[in-house]
Structure formats: C-alpha cells, structure tokens
Q: 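Below is one structure. I have some questions about it.
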2 protein chains.
Amino acid sequence: MDYEQILKERNLSLTSVRLAVLEALEQHPHSEAGVLFKIVHKKIKTTSKQAIYNNLNMMVEHGIIREIKPKGQPSLYETKVGDNHHHIVCRSCQKVMDTDCHSLAPCLSPKISHGFVIDEAEVTFWGTCPSCQKSKGDKNEQH
Amino acid sequence: MDYEQILKERNLSLTSVRLAVLEALEQHPHSEAGVLFKIVHKKIKTTSKQAIYNNLNMMVEHGIIREIKPKGQPSLYETKVGDNHHHIVCRSCQKVMDTDCHSLAPCLSPKISHGFVIDEAEVTFWGTCPSCQKSKGDKNEQH
DNA sequence: GCAATAAAATTGATTGACTCAATATTTTTA
DNA sequence: TAAAAATATTGAGTCAATCAATTTTATTGC
C-alpha cells in the first residue's frame with residue numbers, strides 16, 4: 001500500500017519512523033509496540049519507543065491502523081482497517097488470526113442497545129490453534 | 001445467588017474476602033479490581049488489594065465470574081456467566097452495558113477458523129451512550 | 001532554496017495495573 | 001482441637017504505557 005499518499009491525504013507529516021512503523025506492521029500484523037520498536041530500530045538506529053507509541057496512537061486515531069487488545073496481551077496493531085473483520089485468539093499460544101464474520105448484520109445490531117448509538121462491533125473468538133491442539137494431543141499420549 | 005454453595009461445590013475455601021468480592025461484584029457489575037477493593041475494604045478493614053486480585057483471577061479460572069477487558073480500561077469483572085451475553089461500551093464515558101446477541105450462531109462460527117477449535121465468542125459493541133449523545137448535542141448548541 | 005514555524009523525535013521520569021515471593025493468618029481436615 | 005492446607009498480608013518489583021521538557025526534523029511561506 002502507498003502509505004505516503006495515505007499520510008499526505010490526511011495532512012500528516014511524512015517521517016521515516018512513521019513509514020517504517022507502517023511497513024513493519026504490514027509485514028507483521030498483530031504486533032505489539034515493543035516488537036515494532038525492535039523491527040524499526042534495525043532500520044533506524046536512533047529511534048525511540050516513545051516515537052513508536054506516539055505514531056501508533058496517532059494513526060489509530062486517524063483510522064490508518066487498528067488496535068486490538070486481547071485479554072492478557074498488550075495492545076496489538078494491524079494495517080487492515082475498514083473491513084470489520086474479526087479475530088481468533090489461541091488460548092494456549094496467544095496467536096492471533098484474522099477472520100471475516102459469517103454474518104455481518106447480527107454483529108452490528110445488538111438485541112438491546114440501551115439507547116446506545118453503535119458504530120462498531122468488535123469480535124474476538126477464543127479457541128485452540130492447530131499446533132496447540134496437536135501438542136495437547138502429544139501430552140495425552142505420553143501418559 | 002448462593003455463592004457459599006457455588007464455592008463449596010468446587011471445593012473452594014469459604015473466606016470472608018471471597019464472599020465480599022462476589023457480593024460487591026453482584027451489586028456493581030463491570031467493576032475493576034481497584035473499585036472492588038474499596039467496596040470490600042469498607043466491610044473488611046484488613047483486606048489487601050492482592051487478595052482481591054488473587055480471588056478475581058482464581059474465580060475467573062473456575063468460571064464463577066467473567067473478565068472483560070475493553071480497550072483503554074483495566075480488567076472489569078461480572079458475576080453473570082454462562083449465557084454468552086455481550087457488551088456495549090461508550091466511547092465517551094466508558095460505561096459498560098450488557099446485551100444479548102441478536103443471533104447467537106453466527107457469532108460462534110467464524111467464516112474461516114484457520115483450524116482453530118473455537119469455544120467462545122467475545123463481542124464488544126462500541127458506540128455512544130444516551131447521556132453522552134445528549135451532552136454532545138448540548139456542546140453543539142453552544143456555538 | 002532558505003529562513004520561520006510547526007510537527008515529531010528523543011530522553012528521562014512517572015504512572016498504574018498487575019504479579020511475585022516471603023511470612024502470617026485463617027480455613028479445612030482428620 | 002491439633003495438623004495440614006489454603007488463603008491473606010506485606011512489600012518489592014515488572015512491564016506497558018504516558019507525561020513533559022528539550023532537541024531534531026519536516027513543512028510552509030517567502
């Protein structure tokens with residue numbers, strides 16, 4: 001994706017750190033700030049963790065990236081936005097995968113809205129990923 | 001609810017702190033640990049925050065209570081469990097309300113499960129609550 | 001292009017939720 | 001009611017994330 005254009009469209013400064021964060025995030029979706037810092041740091045040796053946090057927060061506010069926060073993990077970020085996709089998280093290894101919702105409408109219309117004006121449905125599916133299913137099976141076989 | 005019985009059924013010790021946490025949580029759903037500590041502390045002056053955390057974590061593991069973690073807030077807890085209900089969070093004031101899902105099945109069957117075995121669908125609706133809609137309107141009128 | 005201005009990056013301190021570990025106390029079991 | 005097990009208390013410590021002051025970088029107007 002052309003992130004330079006995306007930033008320009010919103011009158012946001014084009015900085016090396018900002019572009020490096022977006023590039024890192026595109027290559028490593030569902031990354032936390034610390035991981036992104038390490039990746040960006042390889043390219044830009046003078047960068048700081050604070051710059052990563054500032055940019056992530058700012059770009060979330062502008063809808064350029066999305067933040068998810070599964071229980072027990074720090075905030076994770078992704079460049080995939082605007083498609084109302086959801087996430088599957090593994091209870092064992094915390095791996096996160098994207099998934100489209102089977103049916104969009106029900107997720108956007110809660111039965112009782114209590115007068116709230118709803119603008120987003122955030123869905124997290126919890127379960128066990130293939131490799132953790134396998135290792136669990138291995139454990140049982142060891143008995 | 002008879003929490004003494006719920007705890008006994010699971011062979012968990014009946015302690016004053018534990019029962020006070022459950023009572024506080026029933027009266028104040030979607031509370032965070034710090035708030036629960038304050039409530040319990042009024043009744044049991046010698047209690048500690050650590051005891052609150054230990055009990056919350058332990059009871060979440062045993063399925064007696066449920067933990068939710070909306071973005072930008074610490075973990076919240078509730079005694080309403082086992083009914084797969086969802087939550088609406090206000091973007092302005094962070095208020096949390098319960099809601100039943102309009103249609104349960106789609107929420108439990110993501111289109112692409114990537115081989116995961118899904119056991120829970122956690123849904124958070126984001127929006128603006130009635131009173132924040134109102135105060136937003138007030139602001140606009142002041143112009 | 002280059003100075004002036006605005007925005008972002010760096011640095012270091014600080015917050016706040018939460019955990020860890022050692023000791024004391026309470027609860028349960030025999 | 002004594003022994004064993006579970007829980008509570010205390011204080012230190014961790015880690016993600018934020019705040020604030022200064023320096024650097026990017027943008028704008030000439």
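Here is the naming used below: chain letters follow the sequence lines, and residue numbers restart at 1 for every chain.
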Q: dT10(C) C1' sits how many Å from K45(A) NZ, rounded?
A: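 Distance check: K45(A) NZ to dT10(C) C1' gives 17 Å.
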Q: Roughly, in whole Å, what's the span from NE2 in H41(B) to P in dA8(D)?
A: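 Interatomic distance, NE2 of H41(B) to P of dA8(D): 16 Å.
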Q: In B/S/- notation, 5' to 3', how is nucleotides 15-29 of chain C contacted by protein heavy atoms closer than 4.0 Å?
A: --SBBB------SS-
Q: Could you check how far CG of L19(A) sits from P of dT25(D), rounded to whole Å?
A: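 Roughly 16 Å, once rounded to whole Å.
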Q: For the residue pair F37(A) and T47(A), establish whether any side-chain heavy-atom pair is separated by less than 4.5 Å.
A: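 Yes, at least one pair of side-chain atoms sits under 4.5 Å.
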Q: L36(A) CG to dA16(D) P: how many Å, rounded?
A: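 Computing the L36(A):CG to dA16(D):P distance gives 13 Å.
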Q: Check this for me: K8(A), atom NZ, are more than 12 non-hydrogen atoms of other residues, nucleotides or ligands nearer than 6.0 Å?
A: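 Count not over threshold, so no.
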Q: Take the protein atom CG of L7(B) and the nucleotide atom P of dA6(D), then report the distance between them rounded to whole Å.
A: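 After rounding, the gap between these two atoms is 15 Å.
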Q: Kindly say if T46(A) contacts the phosphate of dT10(C), meaning a side-chain N or O under 4.0 Å from OP1 or OP2.
A: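 Checking T46(A) against dT10(C): at least one side-chain N or O falls below 4.0 Å of OP1 or OP2.
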Q: Roughly how many Å is it from CG in N55(A) to C1' in dT25(D), rounded to a whole number?
A: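 From N55(A) CG to dT25(D) C1': 13 Å.
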Q: Classify the side-chain pair Q50(A)/N54(A) by whether it contains a donor and acceptor separated by less than 3.5 Å.
A: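 N54(A) and Q50(A) do have a side-chain donor-acceptor pair below 3.5 Å.
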Q: Measure CE/M58(B) against C1'/dA6(D) and give the value in whole Å, please.
A: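 Atom CE in M58(B) sits about 10 Å away from atom C1' in dA6(D).
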Q: Count the heavy atoms of every other residue, nucleotide or ligand shown that sit under 6.0 Å from NZ of K42(B), and state whether that count exceeds 12.
A: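 Open.
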Q: Report yes if the side chains of K95(A) and V89(A) come closer than 4.5 Å at any heavy-atom pair, otherwise no.
A: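 Contact flag for K95(A)/V89(A) side chains = no.
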Q: Centroid separation under 6.0 Å, is that true for the rings of H28(A) and H30(A)?
A: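 Centroid distance H30(A)-H28(A): not below 6.0 Å, so no.
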Q: May I have the distance from L76(A) (atom CG) to dA16(D) (atom C1'), rounded to whole angstrom?
A: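 Answer to the nearest Å: 12 Å.
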